[in-house]
Amino acid sequence: MRIVLLIAPLVLLPVIGCERHNEPASPPDAQKAPPSPSDKRTVSLRPESLPYIVVREVQPEVIAGAITAPARVDFRAQAISTAGTVVAGRVNKVYVQAGDRIKAGAPLATLVSSEAAQMRADYTRAEAELARADDHLRRQLEMQRTGVGLEIERVEAETQLKQADTELERSRDFLRLLGEGSAGEVVVRAPIDSTVLKAHVSTGATVGPGSPLFDLGEPSAAWIIADVFEKDLLLVEKGAKAVIELASFPDPIRGHVVGESAAIQTELRRASVFIEADNPKIPLRPGMYARVTIEASAPSRIMLPTAAVLIKDGRETVIYVETAPGRFEVRPVQVGQAREGLTPVLKGLSGGERVVVGGALLIDGEAAMLL
């Protein structure tokens with residue numbers, strides 16, 4: 001009996017994928033297991049793609065950096081005051097307007113007030129009552145010296161004198177708060193050398209006690225407020241040098257950081273950094289816009305080319321780290337402000353790791369095709 005064996009020709013099929021190492025083929029009927037979460041964060045490149053990738057081992061290095069931020073000139077909180085009145089009245093005349101620079105004691109406005117007239121009348125009455133009580137006590141003391149006065153009447157006269165003196169002092173305190181003027185007139189004056197920020201009243205307006213009439217600011221107490229990103233705050237230290245560029249000044253001015261706000265602006269993710277000019281005689285005007293460059297603290301940082309840092313879905317900042325020849329891990333990192341083509345890595349990367357510094361977009365494209 002003759003046996004004939006038929007051998008089918010071997011057909012080689014191309015392998016489609018981006019793994020560069022050989023893996024055992026799965027049985028035809030075996031179901032492929034879904035990739036684990038860690039597999040989704042790694043990418044393997046074809047050998048022909050590797051020449052387009054630049055990988056470099058990174059180490060922390062000390063680099064004198066700087067932070068650039070928009071800024072504005074504004075008054076310090078304690079340099080803003082409000083001028084008002086303690087009585088109700090009607091504005092008779094306004095002497096200033098917003099933007100005026102005024103000296104301490106300069107008149108701001110004149111009011112007519114029936115309450116002021118009553119307070120001045122009460123003071124005049126209190127003066128007369130005090131003089132009458134003082135005269136009555138002197139008579140009682142003289143009568144007691146001659147033996148015709150009664151002790152109880154002397155004690156009563158002393159009590160009346162104390163009450164009259166207390167009433168006069170109370171009326172005098174009211175007049176100090178009221179300010180200058182006669183009868184029903186009240187003159188509101190500037191408490192300090194200042195700039196008028198806002199006038200809340202106009203001629204003929206009716207105002208109540210405690211109503212703010214004018215907002216005033218002390219010109220010599222202006223400072224620069226820079227809006228710095230939250231992630232860059234760690235690089236800003238008190239006393240750090242700063243360069244301030246103002247549109248109205250031909251040359252930049254020098255300053256230094258004196259503090260920062262405790263709160264973060266929720267929408268912009270920025271915080272206020274307060275800067276003082278080194279020369280206090282520079283005429284800063286609140287409302288000026290500026291741009292500042294702050295000398296950043298210089299800890300050891302890993303610096304990467306800006307092209308090596310990618311932003312995924314507009315939220316996550318990532319880089320690619322080589323874990324084996326041709327195999328790369330997607331690594332989320334926290335970065336600082338880029339400057340001169342370099343980006344500092346604040347968190348997520350250690351010295352000695354090998355990072356893709358060229359061709360990161362090519363790897364990102366390969367990763368997108370695997371999804």
Side-chain angles (χ1 to χ4, degrees), residues 71-127 167-225 246-249 258-259 261 272 274-277 279-290:
R72 65 192 183 280
V73 179
D74 207 345
F75 287 108
R76 297 171 182 265
Q78 63 269 27
I80 300 177
S81 61
T82 300
T85 177
V86 296
V87 294
R90 181 176 57 82
V91 178
N92 189 36
K93 189 172 183 180
V94 176
Y95 300 100
V96 296
Q97 59 184 355
D100 287 352
R101 292 198 173 195
I102 52 178
K103 296 291 185 180
L108 302 175
T110 300
L111 280 69
V112 177
S113 170
S114 58
E115 290 184 18
Q118 182 63 49
M119 291 169 66
R120 292 192 172 103
D122 291 343
Y123 179 76
T124 302
R125 188 181 308 109
E127 281 186 317
E167 183 62 26
L168 179 64
E169 189 61 31
R170 186 181 69 85
S171 295
R172 184 180 290 114
D173 289 340
F174 277 134
L175 290 188
R176 289 196 190 101
L177 293 174
L178 187 61
E180 299 177 8
S182 59
E185 183 183 78
V186 178
V187 180
V188 180
R189 297 184 178 274
I192 56 174
D193 292 352
S194 55
T195 297
V196 180
L197 303 180
K198 185 177 182 180
H200 295 278
V201 294
S202 57
T203 302
T206 301
V207 297
S211 299
L213 305 183
F214 301 92
D215 290 338
L216 308 175
E218 186 179 354
S220 61
W223 59 5
I224 299 96
I225 303 177
L246 295 158
S248 54
F249 285 65
V258 295
S261 63
S272 297
F274 306 110
I275 300 170
E276 281 184 354
N279 182 1
K281 295 183 179 180
I282 292 177
L284 296 174
R285 294 177 66 89
M288 289 178 169
Y289 285 100

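Under the rule for a side-chain contact (heavy atoms from CB on, under 4.5 Å), the partners of Glu169 that lie at least two apart in sequence or sit in another chain are Arg172, Asp173, Arg176. Looking at residues two or more places apart in sequence or on another chain, you find a side-chain contact (heavy atoms from CB on, under 4.5 Å) between Phe249 and Leu246, Ile253, Ile282, Pro283, Met288. Glu167 meets the salt bridge (charged side-chain N to carboxylate O under 4.0 Å, His left out) test with Arg170; sequence neighbours excluded. Not counting sequence neighbours, the partners of Phe274 by the ring-ring contact (aromatic ring centres under 6.0 Å, His included) test are Trp223. Remark: Tyr95 pairs with Thr110 by the side-chain hydrogen bond (donor to acceptor under 3.5 Å, both in side chains) rule, at least two apart or across chains. Considering only residues two or more places apart in sequence or on other chains, Val86 meets the side-chain contact (heavy atoms from CB on, under 4.5 Å) condition with Leu177, Leu178.
Closest heavy-atom contact between Pro212 and Thr82: CB-CG2, 3.3 Å. Between Arg101 and Thr195, the closest heavy-atom pair is CG-OG1, 3.6 Å.
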Practice problem: Please test Ile102 against Asp193 for side-chain contact (heavy atoms from CB on, under 4.5 Å), starting from the C-alpha separation and ending with a verdict. | Solution: CA-CA 6 Å; Ile102 52 178; Asp193 292 352; over 6 Å; no
Quiz item: Does the side-chain contact (heavy atoms from CB on, under 4.5 Å) test come out yes or no for Phe214 and Val96, once each step is laid out?
Solution: CA-CA 9 Å; Phe214 301 92; Val96 296; 3.7 Å; yes
Enumerate, atom names and distances included, each donor-acceptor pair closer than 3.5 Å involving a side-chain atom of residues 117-125, sequence neighbours excluded.
| unit_1 | atom_1 | unit_2 | atom_2 | d |
| --- | --- | --- | --- | --- |
| Gln118 | NE2 | Asp122 | OD1 | 2.9 |
| Arg120 | NE | Gly181 | O | 3.3 |
| Arg120 | NH1 | Ala183 | O | 2.5 |
| Arg120 | NH1 | Glu185 | O | 2.8 |
| Arg120 | NH2 | Glu180 | O | 3.4 |
| Arg120 | NH2 | Gly181 | O | 3.3 |
| Arg120 | NH2 | Glu185 | O | 3.1 |
| Asp122 | OD1 | Arg125 | NH1 | 2.7 |
| Tyr123 | OH | Glu127 | OE2 | 3.3 |
| Thr124 | OG1 | Arg120 | O | 3.1 |

Determine all donor-acceptor pairs shorter than 3.5 Å in which one atom belongs to a side chain in residues 87-94; sequence neighbours excluded.
none

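Taking 4.5 Å as the limit, some side-chain heavy atom of Leu213 sits within range of a side-chain heavy atom of Val207. You'll find the side chain of Pro191 reaches within 4.5 Å of the side chain of Leu216, heavy atoms only. Val188 has its side chain within reach of Leu111: a pair of non-hydrogen atoms, C-beta onward, lies under 4.5 Å apart.
Annotation: side-chain hydrogen bond (donor to acceptor under 3.5 Å, both in side chains) contacts involving residues 197-214, sequence neighbours excluded, comprise His200-Asp215.
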